[in-house]
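To start, the structure itself, in structure tokens.
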Number of protein chains: 2
Amino acid sequence: MAGDTTQIDQVRRFNRTVTERVGVLHDHYLGRDRPIGEARLLWEIGERGQDVRRLRERLGLDSGYVSRLLRSLEAEGLVKVEPQPRDRRVRTARLTAAGREERAVLDGRSDELAGSLLAPLNTAQRARLVAAMAEVDRLLTAATVTLDTVDPDHPDARHCLQSYSAELQERFETGFDAARSLLPDPGELRPPHGLFLVARLHGEPVGCAGLKLPPGAPAEVKRMWVAPHARRLGLGRRFLAELEERAARHGHDVLRLDTNKALDAALGLYRSAGFQEVPAFNDEPYAHHWFEKRIA
Amino acid sequence: MAGDTTQIDQVRRFNRTVTERVGVLHDHYLGRDRPIGEARLLWEIGERGQDVRRLRERLGLDSGYVSRLLRSLEAEGLVKVEPQPRDRRVRTARLTAAGREERAVLDGRSDELAGSLLAPLNTAQRARLVAAMAEVDRLLTAATVTLDTVDPDHPDARHCLQSYSAELQERFETGFDAARSLLPDPGELRPPHGLFLVARLHGEPVGCAGLKLPPGAPAEVKRMWVAPHARRLGLGRRFLAELEERAARHGHDVLRLDTNKALDAALGLYRSAGFQEVPAFNDEPYAHHWFEKRIA
DNA sequence: GCCATTCTCTGACTTTAGTCAGAGAATGGC
DNA sequence: GCCATTCTCTGACTAAAGTCAGAGAATGGC
């Protein structure tokens with residue numbers, strides 16, 4: 001539980017208005033001549049097809065139920081379900097031509113619904129509504145992101161670390177060669193020497209951050225990265241806050257890090273998060289700036 | 001259909017995020033051990049009880065269905081349904097002590113849900129989210145208001161006109177006596193001499209505006225009023241735009257009105273809506289300012 | 001090659017949600 | 001007092017939504 005009473009009340013008023021106005025209309029528009037279960041499924045399969053297990057996950061439905069829905073869509077000729085060549089247990093649902101058409105109809109209705117929300121408003125109000133919606137959307141998305149401790153060898157961690165390297169390679173003037181950098185070996189980022197966090201949005205890894213906890217020395221942030229499509233959600237700041245707290249919990253009273261001048265957003269973040277620039281405390285060849293912050 | 005493609009897309013993204021995050025959680029929280037139909041009904045009955053017909057209306061449900069839900073709540077001892085003394089066909093549902101308790105549980109869960117949306121965010125993000133929600137709430141509410149032409153004798157029109165008089169009475173330094181004012185007699189505000197609009201929110205009248213259409217003379221706005229709880233929704237502006245259009249449609253090219261200096265919000269509205277202050281064109285005793293606008 | 005595991009499907013269910021056609025009690029207008 | 005209307009309820013439905021316990025095919029690790 002969080003937020004003061006006024007905030008809670010406002011959120012509740014919002015929930016009420018929005019479920020009434022958007023929720024009800026949504027079902028009404030989407031499911032005009034088709035059960036909404038089927039409609040949602042049709043939608044979720046998408047242009048490029050989707051594995052059945054993924055559909056189940058995304059929609060949070062029982063496996064038997066999804067199977068039945070798929071068969072009914074198949075019977076209508078909208079969908080084809082086939083085993084994946086790589087793993088024949090997994091099956092992939094794909095839209096047929098008719099299915100694509102049907103989905104386009106749903107798409108049109110979604111536009112209609114959106115239009116009907118805007119229609120009674122004048123130009124200025126529309127602009128304000130859309131801007132406020134974007135803000136709500138962004139922040140609710142931010143609130144959906146989870147941070148979990150994982151082993152640096154976990155597939156999600158690997159995915160993030162690879163993206164991290166690839167991005168540095170692209171952004172640093174000099175390119176980036178992991179072998180030349182002081183990147184800690186994974187052992188340093190798992191207990192008891194450290195830890196590794198992965199941020200996930202709807203189960204997808206969208207960022208990571210490592211923490212070194214050397215006994216008797218300052219804790220150190222390593223390999224912090226946020227996926228491009230998950231930026232502007234305050235995730236960097238959240239990583240820092242989380243790492244700070246964990247470092248303090250492990251008895252450290254200083255947190256430090258180094259970074260490259262090309263990462264201007266990161267530089268701004270560190271400064272505004274209370275880090276002070278300090279002289280180089282290591283000889284990381286890719287670093288131009290060193291920061292530290294007193295914690296706890 | 002309204003709004004350009006970018007706007008429509010943003011609204012759709014918003015709908016998606018919100019139905020996922022709020023909608024799903026909403027049902028989850030609310031209906032933990034009770035069908036959401038019952039939960040919604042329990043909620044809608046409220047502390048003070050509600051007529052069955054009203055419940056039906058508010059929730060948009062079939063009469064048989066509501067009846068059945070009520071009986072199941074009655075069987076659980078949460079609700080008591082009794083005929084109204086004034087009209088024994090109408091029955092009123094009231095919460096029992098147990099029902100009140102149960103409703104408090106739902107209330108707590110709504111708070112929990114709201115809290116869970118805010119919890120992962122930091123203070124600054126929370127403030128921004130809540131502000132954006134308030135804005136969305138306000139504008140969606142504004143978009144829900146309907147404007148209908150009604151006869152000035154319609155109960156909803158009467159209700160608004162009475163509130164209008166009562167408010168002027170309170171706000172004018174001199175008080176307000178309808179008999180001394182140049183208020184048109186109702187005949188002037190019905191076709192063919194004019195028309196009368198009522199704004200409704202969820203069926204409740206929340207504002208009104210009359211239009212005089214004297215042949216060969218400027219059209220005139222009369223008795224425009226918006227209920228206090230429906231202000232800040234841009235309703236005044238919407239009334240003006242609607243009346244302007246209707247006046248133009250009836251062949252008028254000037255729209256005018258008079259107003260009292262105590263109504264400062266109205267003065268600002270007229271100015272920003274393109275009305276120019278002009279010399280007195282009538283001898284309305286309660287007016288301090290006269291405006292007109294060229295239309296069409 | 002065996003075995004535990006993963007993934008999807010089927011059959012047999014239950015519960016919700018909601019509709020429709022009256023029936024029966026009250027009421028209001030005449 | 002009669003009659004049309006209003007309001008709620010009951011019985012008899014249907015359809016959607018979802019659960020649960022296996023069965024059967026593939027796969028991966030050993």
Side-chain angles (χ1 to χ4, degrees), chain A residues 19 23-24 26-45 49-76 78-94 153 155 203, chain B residues 19 23-24 26-45 49-76 78-94 155:
Chain A
T19 48
V24 174
H26 179 257
D27 294 356
H28 171 72
Y29 271 82
L30 210 59
R32 202 125 48 177
D33 33 41
R34 174 178 307 289
I36 47 161
E38 284 184 19
R40 291 208 299 155
L41 198 54
L42 210 48
W43 186 260
E44 206 62 50
I45 290 171
Q50 232 359 299
D51 293 351
V52 172
R53 55 125 83 108
R54 243 191 126 55
L55 291 172
R56 218 161 45 214
E57 231 173 68
R58 300 275 300 217
L59 297 170
L61 300 176
D62 175 272
S63 110
Y65 187 31
V66 168
S67 181
R68 221 171 300 279
L69 287 174
L70 281 173
R71 250 177 326 120
S72 108
L73 288 174
E74 241 176 348
E76 293 181 75
L78 303 175
V79 159
K80 230 167 114 183
V81 182
E82 284 171 328
Q84 248 193 23
R86 302 179 55 104
D87 181 344
R88 299 182 49 78
R89 291 170 304 180
V90 180
R91 312 215 326 152
T92 305
R94 270 177 232 291
D153 260 345
Chain B
T19 48
V24 175
H26 179 257
D27 294 355
H28 171 72
Y29 271 84
L30 211 59
R32 200 126 48 176
D33 32 41
R34 177 178 305 291
I36 47 161
E38 284 184 18
R40 291 207 300 155
L41 198 53
L42 209 50
W43 186 261
E44 205 62 50
I45 290 171
Q50 241 345 310
D51 293 351
V52 173
R53 54 128 83 106
R54 239 188 130 54
L55 291 173
R56 218 162 43 216
E57 231 173 68
R58 301 274 298 220
L59 298 169
L61 300 176
D62 174 272
S63 110
Y65 188 30
V66 168
S67 182
R68 220 171 300 277
L69 286 174
L70 280 173
R71 248 174 330 118
S72 108
L73 288 175
E74 242 176 347
E76 292 182 77
L78 302 176
V79 159
K80 231 169 112 182
V81 182
E82 285 171 327
Q84 248 192 22
R86 303 178 55 103
D87 181 344
R88 300 182 48 78
R89 290 171 304 182
V90 181
R91 314 218 323 153
T92 306
R94 269 177 233 293

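Below, read A as the first sequence line, B as the second, and so on, with proteins coming before strands; counting in each chain starts at 1. Hydrogens, waters and symmetry mates play no part in the numbers below; they use all other heavy atoms, side chains included.
- Between A:R71 and C:dT10, a side-chain N or O to OP1/OP2 separation shorter than 4.0 Å is present.
- Closest approach to the A:L70 side chain among C:dG18, C:dC9, D:dC9 is made by C:dC9 (side chain taken as heavy atoms from C-beta onward).
- The distance between atom CD of A:Q84 and atom C1' of C:dC9, rounded to the nearest whole Å, is 17 Å.
- Counting any heavy atom pair closer than 4.0 Å across all strands shown, B:G64 reaches a base atom.
- The shortest distance between side-chain heavy atoms of B:R34 and B:L78 falls below 4.5 Å.
- Straight-line distance from the CG atom of B:D87 to the P atom of C:dG29: 12 Å, rounded to whole Å.
- Residue A:L69 contributes atom CG, which lies 13 Å from atom C1' of D:dA15 at whole-angstrom precision.
- Across all strands shown, A:D62 has heavy atoms under 4.0 Å from base atoms, whether or not it also approaches the sugar-phosphate.
- Checking D:dA17, D:dC9, C:dA17 against every side-chain atom of B:P35, the shortest atom distance belongs to C:dA17.
- DNA chain D is contacted by both A:R88 and A:G37; A:G37 maps to the nucleotide lying nearer its 5′ end (nearest heavy atom per residue).
- Pair assignment for D:dA17: C:dT14, on the basis of Watson-Crick or G-U wobble contacts that are both within less than 3.5 Å.
- Side-chain atoms of B:R91 and base atoms of D:dT8 include no donor and acceptor less than 3.5 Å apart.
- In this structure, B:E38 places its CD atom 11 Å from C1' of C:dT15, rounding to the nearest Å.
- Nucleotide C:dG1 forms a Watson-Crick or G-U wobble pair with D:dC30, both donor-acceptor distances falling under 3.5 Å.
- Both A:Y65 and B:S63 sit near DNA chain D, but only B:S63 has its closest nucleotide nearer the 5' end.
- The interatomic distance linking A:L59 (CG) with D:dG18 (P) rounds to 10 Å, in whole Å.
- To the nearest 0.5 Å, atom CD of residue B:E44 and atom CG of residue B:L41 are 8.0 Å apart.
- Applying the 3.5 Å distance criterion, the base of C:dT6 shares a donor-acceptor pair with the side chain of A:R89.
- A heavy-atom distance below 4.5 Å is found between the side chains of A:V79 and A:I45.
- Here the options are A:R91, A:Q84, A:R89, the test is side-chain hydrogen bond (donor to acceptor under 3.5 Å, both in side chains), and the partner is A:D87; only A:R89 passes.
- Summarising the geometry, the separation between CZ on A:R34 and P on D:dA17 is reported as 12 Å, rounded to the nearest angstrom.
- Put simply, B:R56 has a side-chain N or O that comes within less than 4.0 Å of OP1 or OP2 on D:dT8.
- Here the C1' atom of nucleotide D:dT10 and the CZ atom of B:R68 are 7 Å apart, to the nearest Å.
- Side chains of B:L69 and B:E38 form a contact here, defined as non-hydrogen atoms less than 4.5 Å apart.
- Minimum heavy-atom separation, B:V81 to B:E74: N-OE2, 3.1 Å.
- Taking atom CG of residue A:L41 and atom P of nucleotide C:dT8, one finds them 13 Å apart after rounding to whole Å.
- Under the Watson-Crick and G-U wobble criteria, each requiring two contacts below 3.5 Å, nucleotide D:dC9 is paired to C:dG22.
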